[in-house]
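These notes concern the structure reproduced below.
Only a predicted model underlies this, so the values are computations on that prediction, with no experimental measurement involved. Just so it is clear, the values below take in all heavy atoms, side chains as well, and ignore hydrogens, waters and symmetry mates.
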Amino acid sequence: MRFRHILSETGAGLRQNLTMTLAVVMTMWVSLSLFGAGLLANQQVELMKGRWYEKIEISVFLCTQYSDGDQCEPNQDVTQPQKDAIQQTLVANPEVAPDGVYFESKQQAWEDFQRAYEGNPIQSSLTVDQMQESFRVKLKNPEQYQGVVSSVVGLKGVQTVQDLHKYLDPFFRVLRFLQWGTIGASILLLAAAALQIGNTIRLATFARRREIGIMRLVGASNLYITLPFLLEAVLSALAGAALACATLASLVYFVIIRKAEVSIQSLPWIGWSQAGWAMAGVAAVGLVLSIIPTLVTTRKYLRV
């Protein structure tokens, strides 16, 4: 009997505050969708970093008689003692992976060049003697590379050190900015949703102040008085979270699976497992944002 009364009070509150309830649902929908999109963006960035960073290597290009550089002798190739010193420095560096130093000769560099530009007029533009010898270096942690670069950049016989981080890091900084911008906007909207929930509950308590007074007179408990308001907020939040989850599912299916994975197959893309974690986060945040403002508001305005 009590449970039926709680449900009837919840239904009455939703009908009396229908406009405010719809506003709460819409705000929760938009804010939770943005929050979930931020979670998906974070997972996408981590996948891309994992794929690209694990392939990153440092290339130490050695001097030739045709190259210029502060550590190069004019019209002279790198000498064998210089190559030995460079290799020893790389092998001894703690940031370099075990067996992570590979020497590429001029012949190997020329063969790679021929394969890369096969059928292109530029293929015959260079001879073996014009190619650069180099050391290819794999790192233990791709994000810790400064020590390796600084240890060899000033050695005799080193013409230049090429590090792909200077190309990838700005790209990931842009992605991070977009990701945190999305999450920041969603937090503002979530705060607005929490305030709207509090206002809705405050208006509901004022509209039913006589009923609440009668319930107090007959000895109704604090929990019994609060439950209808709590259910109203939870139902509104669940409706907004459900719409947000549907939005995220549509985003993953139509944008990622149907478009991105087909168009750019060389990149790793998020899928349903990542979407599931994002939806779980959306549902949890939605429930928290409905319960806490309701408890705070009812405690303040009902004095229970």
Side-chain angles (χ1 to χ4, degrees), residues 2-43 179-209 211-212 221-253 272 274-304:
R2 286 189 172 186
F3 185 69
R4 183 181 300 176
H5 180 265
I6 291 173
L7 290 180
S8 65
E9 287 293 311
T10 302
L14 291 174
R15 288 191 299 271
Q16 292 174 5
N17 298 284
L18 182 60
T19 303
M20 290 293 293
T21 300
L22 290 176
V24 169
V25 171
M26 296 293 289
T27 305
M28 292 287 281
W29 179 13
V30 175
S31 56
L32 289 175
S33 295
L34 281 174
F35 178 73
L39 295 179
L40 291 177
N42 179 62
Q43 296 180 83
Q179 167 200 343
W180 288 111
T182 301
I183 292 180
S186 69
I187 289 175
L188 292 176
L189 287 171
L190 288 172
L195 292 174
Q196 272 197 323
I197 289 174
N199 286 334
T200 302
I201 299 303
R202 182 171 61 85
L203 291 174
T205 57
F206 181 79
R208 284 181 278 174
R209 60 190 183 280
E211 292 87 340
I212 293 171
S221 66
N222 295 341
L223 178 63
Y224 187 77
I225 296 174
T226 305
L227 272 178
F229 303 104
L230 187 60
L231 284 177
E232 290 179 33
V234 169
L235 289 175
S236 300
L238 289 178
L243 291 171
C245 289
T247 301
L248 295 179
S250 300
L251 175 67
V252 170
Y253 180 72
W272 292 118
Q274 290 84 4
W277 282 107
M279 291 177 188
V282 162
V285 170
L287 286 176
V288 170
L289 282 178
S290 64
I291 293 173
I292 293 179
T294 301
L295 294 178
V296 171
T297 304
T298 51
R299 181 179 180 181
K300 180 179 180 181
Y301 288 97
L302 298 180
R303 297 179 182 177
V304 294

- Task: Could you name each residue pair satisfying side-chain hydrogen bond (donor to acceptor under 3.5 Å, both in side chains) that touches residues 275-293, not counting sequence neighbours?
- Result: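 Passing the test, one end in residues 275-293: no pairs.
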- Message: With a 3.5 Å distance limit and no angle check, can you tell me whether Gln274 reaches the backbone of Gln43 through a side-chain donor-acceptor pair?
- Response: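 No.
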Just to verify, what does [X] make a side chain to side chain contact (heavy atoms under 4.5 Å, CB included) with, not counting sequence neighbours?
X	value
Leu39	Phe35, Ala278
Ile292	Val288, Val296
Trp272	Ala249, Val252, Tyr253, Ile257, Ala275
Ala241	Leu32, Val282

- Message: With rounding to the nearest 0.5 angstrom, report the CE to OG distance, Met28 to Ser33.
- Response: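 Going from the CE atom of Met28 to the OG atom of Ser33 covers 10.5 Å.
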- Message: With rounding to the nearest 0.5 angstrom, report the CG to CG distance, Leu243 to Leu248.
- Response: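 Output value for this atom pair is 11.0 Å.
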